[in-house]
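Report on the structure given below.
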Amino acid sequence: MAQKLTPKQQKFADEYIESGKKEESAIKAGYKSRSAHSIATENLQKPAIKSYIDERMAEIASKRIMDATEAVELLTSIARGETKETVYIGTADGVYEKHKEADLKTRISATKEILKRYPDNNKLVEQQIRKLKADADIAESKARIMNASTDSTEAKVSEYLDKLDDVLGGDSDGN
């Protein structure tokens, strides 16, 4: 940060980060209530205060948002059965709390999620490619069948119209 904030400005910025309400933040920082709105608006336009707020928001975001490593570590602990989940069981005697490891379905799901992140797993990739090719072949076959049935239907309609024209003794122009 290029310029140091006054204690009042820093208090204002911290309050604003917490509440998002500029006038209320100015009052809590020690500014007079009758001028709080204009001072808050002015403070939010000052580069030093804006920079301080942006830096603090980035810090908060980086601490609160899980990164990829943390996500894979969590999935790994679930897959290994290390993470316990709390289950509440209601009985006639009351409610009991039980801590148990994830069930097999959840552990398999976590394992699949981990494997998705590692493209070197050739067997999984090969199976996915094989499935996609099969789906494409099926779609292509269906399209061919639909086109063939449309062509034959048109030919049959034309044939029936010709026969109808012969029976009626006229031509297909309606004369």
Side-chain angles (χ1 to χ4, degrees), residues 1-5 9-29 40-41 43-154:
M1 185 167 32
Q3 186 180 355
K4 185 117 173 97
L5 302 181
Q9 288 174 329
Q10 186 169 348
K11 175 82 171 149
F12 165 76
D14 290 337
E15 290 292 335
Y16 183 73
I17 289 167
E18 190 174 314
S19 71
K21 299 176 182 175
K22 61 183 183 180
E23 194 170 334
E24 182 182 303
S25 299
I27 293 168
K28 285 184 177 180
T41 302
N43 275 350
L44 289 174
Q45 293 174 354
K46 291 181 180 176
I49 295 175
K50 283 172 66 174
S51 175
Y52 175 79
I53 290 172
D54 290 345
E55 287 173 13
R56 293 278 294 133
M57 292 299 285
E59 273 179 41
I60 291 168
S62 69
K63 288 178 185 173
R64 296 183 78 193
I65 297 173
M66 179 184 289
D67 65 1
T69 303
E70 190 178 358
V72 173
E73 287 171 354
L74 175 62
L75 287 169
T76 301
S77 71
I78 292 169
R80 290 181 177 159
E82 298 167 349
T83 301
K84 306 291 183 202
E85 65 180 306
T86 304
V87 179
Y88 295 97
I89 303 167
T91 65
D93 297 331
V95 177
Y96 295 97
E97 183 178 303
K98 181 180 177 185
H99 299 283
K100 68 175 196 95
E101 66 183 40
D103 61 13
L104 190 57
K105 184 177 179 181
T106 304
R107 292 172 71 178
I108 290 170
S109 178
T111 303
K112 286 180 181 177
E113 287 299 316
I114 292 168
L115 291 175
K116 283 181 191 176
R117 288 155 176 81
Y118 294 98
D120 292 343
N121 187 354
N122 291 335
K123 290 187 180 193
L124 179 63
V125 173
E126 286 173 13
Q127 291 300 324
Q128 289 173 337
I129 291 171
R130 197 168 135 231
K131 183 182 182 308
L132 289 172
K133 284 181 179 176
D135 289 345
D137 291 344
I138 291 169
E140 192 175 306
S141 295
K142 285 181 179 179
R144 261 190 261 122
I145 290 169
M146 291 301 292
N147 285 338
S149 67
T150 302
D151 292 343
S152 66
T153 303
E154 288 175 4

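Everything numeric in this text was worked out from a predicted model, so none of it was measured. Each residue takes its place number in the sequence, starting with 1.
Annotation: salt bridge (Lys or Arg N to Asp or Glu O under 4.0 Å) contacts of Glu113 (sequence neighbours excluded): Lys116, Arg117. With sequence neighbours left out, Thr86 forms a side chain to side chain donor-acceptor pair (under 3.5 Å) with His99. Scanning for side chain to side chain contact (heavy atoms under 4.5 Å, CB included) contacts around Glu73 gives Thr69, with sequence neighbours left out. Judged as a side chain to side chain contact (heavy atoms under 4.5 Å, CB included), and not counting sequence neighbours, the contacts of Thr76 are Val72, Arg80, Ile114. Judged as a salt bridge (Lys or Arg N to Asp or Glu O under 4.0 Å), and not counting sequence neighbours, the contacts of Asp135 are Lys131. Every residue meeting the salt bridge (Lys or Arg N to Asp or Glu O under 4.0 Å) condition with Lys11, not counting sequence neighbours, appears here in chain and number order: Glu15.
When all heavy atoms of Arg56 and Asp14 are compared, the closest pair comes out as NE-OD1, 4.0 Å. Residues Leu75 and Ala110 share a closest heavy-atom pair of O-CB, 3.6 Å. Shortest non-hydrogen contact noted between Ala40 and Lys22 is CB-O, 3.3 Å.
Put simply, CD on Glu55 and CD1 on Ile17 are 10.0 Å apart, with the number rounded to the nearest 0.5 Å. Annotation: the span from Ile78 atom CD1 to Thr106 atom OG1 amounts to 8.0 Å, rounded to 0.5 Å. A distance of 9.0 Å separates OH in Tyr16 from CE in Met57, rounded to the nearest 0.5 Å. Between Ser77 atom OG and Arg107 atom CZ the span is 10.5 Å, to the nearest 0.5 Å.
Around the NZ atom of Lys84, the shell of radius 6.0 Å holds more than 12 heavy atoms that belong to other residues, nucleotides or ligands. Lys50 NZ: 12 or fewer foreign heavy atoms inside a 6.0 Å radius. With a 6.0 Å radius and a threshold of 12 heavy atoms from other residues, nucleotides or ligands, Glu18 has its CD atom at or below the threshold.
Ser109 places no side-chain N or O within donor-acceptor distance of the main-chain N or O of Lys105, the cut-off being under 3.5 Å.
Side-chain contact between Asn43 and Lys46 is present, with heavy atoms from C-beta onward closer than 4.5 Å.
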